[in-house]
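Here is how names work: the chains are called A, B, and so on, in the same order as the sequence lines, proteins then strands, and each is numbered from 1. Here the structure is a predicted model, which is why all the values come from computation and not from measurement.
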2 protein chains.
Amino acid sequence: MEKRSPRRTGTGENVHSAVTSYDVAQLAGVSQSAVSRCFRPGSSIAPKTRLRVLEAAQQLGYAPNAMASGLITRRTNLVAVLISNLTNLYYPEVLAEITRRLSDHGIRVLLFALPAESEVDSVLDQVWRYRVDGAIAALRLSPDQLRDFARRRVPVVLYNRFGEGEAVPSVCCDSVGGERQLVDRLIAAGHKAFGIIAGPDDSYVSQERVRGARERLEERGRSALVTTGSFDYSSGNAGLHALMAQSQGKLDALICANDLMAIGAIDCARNDFALVVPDDLSIVGFDGVAPAMWSSYQLSTIRQPVRRMTQAAVDMLLERIGDPDLPPEVRTFAGALIEGSSARLAARAEPLP
Amino acid sequence: MEKRSPRRTGTGENVHSAVTSYDVAQLAGVSQSAVSRCFRPGSSIAPKTRLRVLEAAQQLGYAPNAMASGLITRRTNLVAVLISNLTNLYYPEVLAEITRRLSDHGIRVLLFALPAESEVDSVLDQVWRYRVDGAIAALRLSPDQLRDFARRRVPVVLYNRFGEGEAVPSVCCDSVGGERQLVDRLIAAGHKAFGIIAGPDDSYVSQERVRGARERLEERGRSALVTTGSFDYSSGNAGLHALMAQSQGKLDALICANDLMAIGAIDCARNDFALVVPDDLSIVGFDGVAPAMWSSYQLSTIRQPVRRMTQAAVDMLLERIGDPDLPPEVRTFAGALIEGSSARLAARAEPLP
DNA sequence: TTGAAAGCGGTACCAA
DNA sequence: TTGGTACCGCTTTCAA
């Protein structure tokens, strides 16, 4: 016998609660289990029954309750996406791609956008509560936090981050390689006085990019002045001012830790210093965001292969949701050098190590 | 007597499943109900017990299961955010703001980013499954879809959209008013030959903005050439080319349905037509995105009050989650005219109706 | 203040 | 292929 859904009046009118599988079962004249099977692919159900049930479901506007099924299957089809700077011109693209790809696999995104890269802990508490199947994190997670993921057996994939000390699956764009390329090409074109505008001190991405650039400069017997920005447009402005002061205006190549600062620096060079870019000053960035391609800038930069990277991140995550014991793996993608007109870049003149 | 969590071995080692309130209860030597109360504010629990429980919870890394509690309370603390063009420079800010504000109220964002404004239906099915407490939609919902929200008693707030026919709570920036302002100021500065680059035909925002501009032009005895773009940078380029051809180069004021197209048009005017902006051609946009303020553009535009709008959207939604029977309400916000240097704008010369 | 017990809306195993 | 039933992990009466 069917149990009647208790919140439903005899009139057939929905009083308050949502439609349940019991309601559908009753209307279709089958058991509740049968209804459940109709919505679970691969269950054995007679086509005729199935049709009757789906019709009833349609009529009542029934949709299975994801909470209830998640409770018993231990699969919520939820993935947490943790992002710090949503307004950073680069992330919307990443977020859109990830969301799209996951949804192709029937997985929804629970979004956590942190104002600062701190307060991660309070956010993680929420992540645990929702029993997400996995997470993609584009922000710094401490070793303790990473261990927490492991302990709870929640697979996590880092995006442009690296599990310091902990072995964690991650997807990265090769910052060091990209910067080395830029430096080599700038040196080949005869630049002498280098300046670097770094990102925020606590940004892993910035650290890597700056390290890549400085190391290569040193290897080739050059040095650079360095100043710190915060990855935004105005940092490019402030950074260039600082470097021009330090170098007494002798700067001829400026390496920015991201495109946004490079764009700010270009505008600043033109307006505040009346410099011609790239004749007087070469400026390079990193990321390959859309505005970098705008004709006012035509930035020379390293474009991150966002498609392939998000693809990899999602693939790696799904694999690990399927089998949490897969070994960690770091996939590094080379960025593509875009030869814009914001910098004089020569083909490599000297044989390189 | 306590029921032992069945998935836990005698060794105290976690085998597979997450920690449950039973585990915490056992460790703390209290009933499972007591544990539950500790995590529900306002429940009566002795401070001493509470402390013991929280300690045990801490030790085990316990976090209440949101699915289970959502199932029984019928509150998931989940809000669906439906967005179409995540890559549109304007939305990241909106999304970040909404997420932040909701999280202040203990509510998480379930993100649905649609590639196109179609396929909404398949996405809504997912929304229903997760029993979200409410939704914020920055895309077009058909009257049928809106009625579905009503039928299921899921409060929804539209963002820069309007419930066509249906009475739906919504938050809008006054497109018509903004465009009228721009038109008035352009006319006052003596512009004669107007062009408009519209957004995609199916975009409500674009329709409103174009309508606002055209109506005002007509009221004041002017007309405009119109071409259609798709809200992106290259549409500005293509749009200007189209309009210059149509007008045989006589255009002196260009109204773009958003900033991105205006920026594209500025670059195009300078590079392809060697025009000086604004001396030869005035260009205005709409939105007030970050790049509009970059010194290469200094766009004259209408800035949407994103903070106040997201605030309003979240407030309205929370109110309606509290009381689904609140009447619909439309809050319209005036945009702020930004007098950049991309257009010659004069103070209003003639008395206006 | 505390504990026992009855669900919330499904899934999955079992026997029929 | 079907229906019955025991949970999933929590909240919420209800008595004690």
Between dG10(C), dG3(C), dT11(D), which nucleotide has the shortest distance from any of its atoms to the side chain of Ala68(A)? dG10(C)

Just so I know, are the side chains of Leu82(A) and Val120(A) near enough to count as touching, which here means a heavy-atom distance under 4.5 Å? no

Rounded to whole angstroms, how far apart are CZ on Arg129(B) and P on dC8(C)? 21 Å

Would you please confirm or rule out a distance under 4.0 Å between OP1 or OP2 of dG10(C) and any side-chain N or O of Tyr62(A)? yes

Can you measure Tyr22(A) atom OH to dG10(C) atom P for me and round it to whole angstrom units? 9 Å

Would you say dG10(C) has OP1 or OP2 under 4.0 Å from some side-chain N or O of Arg131(B)? yes

Lys48(A) has an atom NZ; how far is it from atom C1' of dT1(D), in whole Å? 12 Å

How many Å lie between CE on Met67(A) and P on dT11(C), as a whole number? 13 Å

Can you tell me if Gln59(A) uses its side chain to pair, donor with acceptor, with the backbone of Ala56(A) under 3.5 Å? no

OP1 or OP2 of dT1(C) under 4.0 Å from side-chain N/O of Thr49(B): no

Please work out whether the ring planes of Phe162(B) and Tyr204(B) are parallel, tilted or perpendicular, with thresholds of 30° and 60°. parallel

Whole angstroms only, please: what is the CZ-P distance between Arg74(A) and dG9(C)? 20 Å

Are Asp144(A) and Arg147(A) side-chain neighbours, meaning at least one heavy-atom pair lies under 4.5 Å? yes

Among residues 33-47 of chain A, which contact DNA chain D at a heavy-atom distance under 4.0 Å? Ser33(A), Ala34(A), Arg37(A), Ser44(A), Ile45(A), Ala46(A)

Thr73(B) side chain N/O closer than 4.0 Å to the phosphate oxygens (OP1, OP2) of dT12(D)? no

Do the side chain of Asn77(A) and the main chain of Ile107(A) share a donor and acceptor less than 3.5 angstrom apart? no

What's the CZ-C1' distance between Arg75(A) and dC8(D), to the nearest Å? 16 Å

In whole angstrom, give the distance that lies between atom CG of Asn65(A) and atom P of dC8(D). 18 Å

Kindly say if Ser31(B) contacts the phosphate of dG3(C), meaning a side-chain N or O under 4.0 Å from OP1 or OP2. yes

Check Arg101(A), Arg100(A), Glu93(A) against Thr310(A) for a side chain to side chain donor-acceptor pair (under 3.5 Å) and give me the one that passes. Arg101(A)

Between Glu119(B) and Ser122(B), does any side-chain donor sit less than 3.5 Å from a side-chain acceptor? no

Among the candidates dG3(C), dT11(D), dT11(C), find the nucleotide nearest to the side-chain atoms of Ser69(B). dT11(D)

How close or far is atom C1' of dG10(C) from atom CD1 of Ile72(B), stated in whole angstroms? 14 Å

